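Heads up, the thing below is written out as structure tokens.
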Amino acid sequence: MRFAQHLERDLDAVIDGLTLPWNSGVVEGHVNRIKMLKRQMFGRAGFELLRKRVLLA
């Protein structure tokens, strides 16, 4: 019931998401890649190296 209430509250966004041809797939792919790099580098180096890897990858 709560899920349906939240859908009704954002009904315009739900309808747009189901009917418009645009999506955020490309952006989500980049976010996934950055998260993978972050996980690989956890505890190894600082932010500067992570930044360089993200910009060069």
Side-chain angles (χ1 to χ4, degrees):
M1 188 167 167
R2 279 186 168 174
F3 179 71
Q5 289 172 341
H6 288 289
L7 283 180
E8 286 178 350
R9 188 171 46 185
D10 293 331
L11 188 59
D12 292 335
V14 172
I15 291 171
D16 288 346
L18 295 173
T19 58
L20 295 176
W22 303 290
N23 65 45
S24 60
V26 174
V27 174
E28 291 298 327
H30 288 296
V31 169
N32 189 32
R33 181 179 57 86
I34 291 170
K35 285 182 178 183
M36 180 200 58
L37 288 170
K38 184 178 173 185
R39 282 192 301 269
Q40 286 177 343
M41 296 184 61
F42 180 77
R44 296 179 191 221
F47 177 75
E48 284 303 315
L49 183 58
L50 175 62
R51 182 176 181 272
K52 286 180 184 179
R53 285 199 63 189
V54 167
L55 293 175
L56 292 175

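Everything quoted here is computed from the prediction, not taken from an experiment.
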So how far is it from [X] [atom1] to [Y] [atom2], rounded to the nearest 0.5 Å?
X	Y	atom1	atom2	result
Lys38	Arg53	NZ	CZ	14.0 Å
Leu37	Leu49	CG	CG	10.0 Å
Leu50	Lys52	CG	NZ	12.0 Å
Gln5	Asp10	CD	CG	12.5 Å

Worksheet item: Considering residues at least two apart in sequence or located in another chain, which fulfil the side-chain contact (heavy atoms from CB on, under 4.5 Å) criterion with Leu18?
Response: Val14
Practice prompt. Could I get the full list of side-chain contact (heavy atoms from CB on, under 4.5 Å) partners for Arg9, not counting sequence neighbours?
Written response: His6
Item to complete: Quick one: closest heavy-atom pair of Ile15 and Thr19, and the distance?
Response: O-OG1, 2.7 Å
Response to the item:
Correct closest heavy-atom pair for Gln40 and Arg44 would be O-NE, 3.0 Å
